[in-house]
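Worksheet for the structure shown next.
Since the structure is predicted, the reported quantities are computational estimates derived from the model, not experimental observations.
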Protein chains: 2
Amino acid sequence: MIFMTKADKTPWNGCPVRYAAGVFGDKWSFVLLRDVLLHGKRYYGEFLASDEGISTNILASRLAHFVETGMLTRHVDSTARNKVFYRPTDKSRALLPALLGMMVWSTEFDPCSAAPPSFAPAFRSDPKGTIAWYEAEIDKVDKGLPAAEA
Amino acid sequence: MIFMTKADKTPWNGCPVRYAAGVFGDKWSFVLLRDVLLHGKRYYGEFLASDEGISTNILASRLAHFVETGMLTRHVDSTARNKVFYRPTDKSRALLPALLGMMVWSTEFDPCSAAPPSFAPAFRSDPKGTIAWYEAEIDKVDKGLPAAEA
DNA sequence: CAATTCACTTGCAAATAACAAGTGATATAC
DNA sequence: GTATATCACTTGTTATTTGCAAGTGAATTG
């Protein structure tokens with residue numbers, strides 16, 4: 001479990017910010033959420049292949065943590081049983097608004113931002129519509145996955 | 001600098017999620033942002049006193065990182081020159097929407113959440129108004145601070 | 001002017017991350 | 001049907017980061 005110190009015997013005793021920090025408060029969780037929610041990645045091998053170069057042990061531990069915390073569910077690919085994929089749950093999908101909000105912030109303050117200039121204005125003028133668009137993309141990806149199997 | 005690995009020579013080359021992870025993608029940054037933006041804390045001693053029990057070296061390094069990345073400015077208290085306070089900048093204040101979004105998410109999914117039940121509905125029905133309320137609280141706190149001095 | 005407060009710094013032990021090299025299960029090629 | 005390759009991890013080792021305790025020097029208080 002991320003986030004437990006001496007002064008913090010009870011895991012996070014109700015503070016929402018600390019709860020969030022416990023679930024995804026580290027850099028690799030950020031990029032995994034991006035890959036799942038924004039880039040349509042589902043397979044272990046896809047996560048491993050992303051530009052940041054996460055190492056296999058860290059990837060495995062973060063995926064396990066996300067499964068434990070109900071952010072992802074793990075499935076064996078029924079058409080290729082040596083492959084494994086992870087699906088976002090309602091809980092992780094519900095982070096989309098916050099994640100998009102962070103991205104708007106980054107595009108505003110990162111001088112090197114490579115986000116399309118239309119993104120921040122679009123989100124600001126119609127946040128619900130923008131979120132709905134990403135939700136629909138997630139649905140499309142998940143429709144293309146093999147039948148779920150624990 | 002947070003977030004540099006072998007495969008990541010150029011700091012974050014444009015990805016907004018990675019930029020965000022580099023600036024505040026660790027658990028202590030989350031709670032410091034909470035303390036500054038939501039709890040009106042400004043002084044080194046106030047941050048140190050928060051429930052989580054951050055240690056002095058980590059606090060110093062995180063504050064320095066926030067100053068480097070333009071999230072906070074450091075000031076010597078002109079009425080007590082052995083005390084130091086940190087003010088949020090426009091950049092950190094601009095994170096309020098994302099931070100509040102995370103908190104809404106936490107209150108929805110943390111079974112132990114101690115957030116007032118009115119918070120999430122209030123934010124959902126009037127996000128701009130809720131954000132404006134927190135902005136105003138920040139302004140109030142900053143008005144009470146001694147004259148800025150580098 | 002002695003004791004205290006304050007914002008850090010330093011040193012060290014423990015935890016975590018990064019990297020490299022397996023391992024066992026499944027899948028593909030012949 | 002067997003050899004090879006692919007896949008999702010584990011394991012082991014080293015490097016980096018964290019956490020804790022104990023300073024340190026400047027400024028303040030008594």
Side-chain angles (χ1 to χ4, degrees), chain A residues 1-9 21-22 24-32 35-36 41-68 72-87 145-146 149-150, chain B residues 1-9 18 21-22 24-32 35-36 41-68 72-87 146 149-150:
Chain A
M1 180 196 305
I2 303 172
F3 216 117
M4 278 265 284
T5 55
K6 181 179 66 174
D8 193 33
K9 297 308 180 199
F24 60 90
D26 66 287
K27 64 177 187 174
W28 289 117
S29 295
F30 274 56
V31 335
L32 287 180
D35 286 348
V36 172
K41 297 188 183 180
R42 294 293 180 272
Y43 284 83
Y44 179 93
E46 291 181 301
F47 299 129
L48 202 59
S50 66
D51 282 346
E52 286 80 11
I54 189 171
S55 45
T56 58
N57 54 345
I58 305 294
L59 176 57
S61 84
R62 287 301 173 280
L63 288 171
H65 183 244
F66 273 152
V67 170
E68 268 174 37
L72 299 175
T73 51
R74 197 191 103 110
H75 308 271
V76 174
D77 186 322
S78 54
T79 68
R81 314 183 74 82
N82 63 338
K83 296 181 85 177
V84 166
F85 63 93
Y86 293 83
R87 301 180 73 146
L145 256 24
E149 174 175 333
Chain B
M1 180 196 304
I2 304 173
F3 217 117
M4 278 265 283
T5 56
K6 182 178 65 175
D8 192 31
K9 297 307 179 198
R18 218 152 83 200
F24 61 89
D26 65 287
K27 64 178 188 175
W28 289 117
S29 295
F30 273 56
V31 336
L32 287 180
D35 286 349
V36 172
K41 296 188 182 178
R42 295 292 180 272
Y43 284 82
Y44 180 92
E46 292 181 300
F47 299 130
L48 202 59
S50 66
D51 282 347
E52 286 80 11
I54 189 172
S55 44
T56 58
N57 54 344
I58 305 293
L59 176 56
S61 84
R62 286 301 173 279
L63 288 171
H65 184 243
F66 273 153
V67 170
E68 268 174 38
L72 299 175
T73 51
R74 197 191 103 111
H75 308 272
V76 174
D77 186 323
S78 54
T79 68
R81 314 183 81 80
N82 63 338
K83 297 181 83 176
V84 167
F85 63 92
Y86 293 83
R87 300 180 74 145
E149 175 174 331

### Message
With a 4.0 Å cutoff (strictly under), does any side-chain N or O of B/Y43 reach OP1 or OP2 of C/dT5?
### Response
no
### Message
Quick check for you: among C/dA18, D/dC7, D/dT28, whose closest atom lies nearest to any side-chain atom of B/R81?
### Response
D/dT28
### Task
Would you check, one step at a time, whether the test side-chain contact (heavy atoms from CB on, under 4.5 Å) holds for B/F24 with B/L32?
CA-CA 9 Å; B/F24 61 89; B/L32 287 180; over 6 Å; no
### Summary
Between CZ of B/F47 and C1' of C/dA7 the distance, given in whole Å, is 13 Å
### Query
Going through the distances and angles, do B/F47 and B/V31 end up as a side-chain contact (heavy atoms from CB on, under 4.5 Å)?
CA-CA 9 Å; B/F47 299 130; B/V31 336; over 6 Å; no
### Message
Rounded to whole Å, how long is the line connecting atom CG of B/L72 with atom C1' of C/dA7?
### Response
16 Å
### Task
Kindly determine whether A/L59 and A/W28 satisfy side-chain contact (heavy atoms from CB on, under 4.5 Å), including the steps that lead there.
CA-CA 8 Å; A/L59 176 57; A/W28 289 117; over 6 Å; no
## Note on the structure
Rounded to whole Å, the CG-C1' distance (A/L48 to C/dC19) equals 13 Å
### Test: B/D26 and B/R62 ion pair at under 4.0 Å
yes
### Query
So does B/Y86 get a side-chain nitrogen or oxygen closer than 4.0 Å to the phosphate oxygens (OP1/OP2) of C/dC8?
yes
### Separation of D/dA8 P from A/R42 CZ (nearest whole Å)
15 Å
### Task
Would you kindly give the CG-to-P distance between A/L59 and C/dC19, to the nearest whole Å?
14 Å
### Summary
Ranking A/G45 and B/A80 by the position along DNA chain D of their nearest nucleotide, the one closer to 5' is A/G45
### Task
Verify the contact: side-chain N or O of B/W28 to OP1 or OP2 of D/dT18, cut-off strictly under 4.0 Å; return yes or no.
no
#### Entry: Between C/dA7 (P) and B/K41 (NZ): distance, integer Å
13 Å
### Query
Whole Å only: how far is the CG atom of A/D26 from the P atom of D/dT18?
11 Å
### Query
Can you name the nearest heavy-atom pair linking A/F85 to A/D77, along with the distance?
CE2-CA, 3.8 Å
### Message
So if I take every side-chain heavy atom of B/T56 and compare against D/dA22, C/dA7, C/dA20, which nucleotide ends up nearest?
### Response
D/dA22
### Task
By nearest nucleotide on DNA chain C, pick out whichever of B/A60 and A/S55 is the more 5' one.
B/A60
### Query
Is any side-chain nitrogen or oxygen of A/R74 closer than 4.0 Å to OP1 or OP2 of D/dC9?
yes
### Task
Spell out yes or no: do the side chain of A/N57 and the base of D/dT10 have one donor N/O and one acceptor N/O closer than 3.5 Å?
no
### Query
Within the structure, does a side-chain N or O atom of B/K27 lie under 4.0 Å from either OP1 or OP2 of D/dG19?
yes
### Message
If you go through the side-chain atoms of B/N82, does one of them form a donor-acceptor pair with the base of D/dT28 closer than 3.5 Å?
### Response
no
#### Entry: Euclidean distance, atom CD1 of residue A/I58 to atom C1' of D/dT10 [Å, nearest integer]
13 Å
#### Entry: Side-chain N or O of B/R62 closer than 4.0 Å to phosphate OP1/OP2 of D/dT18
yes
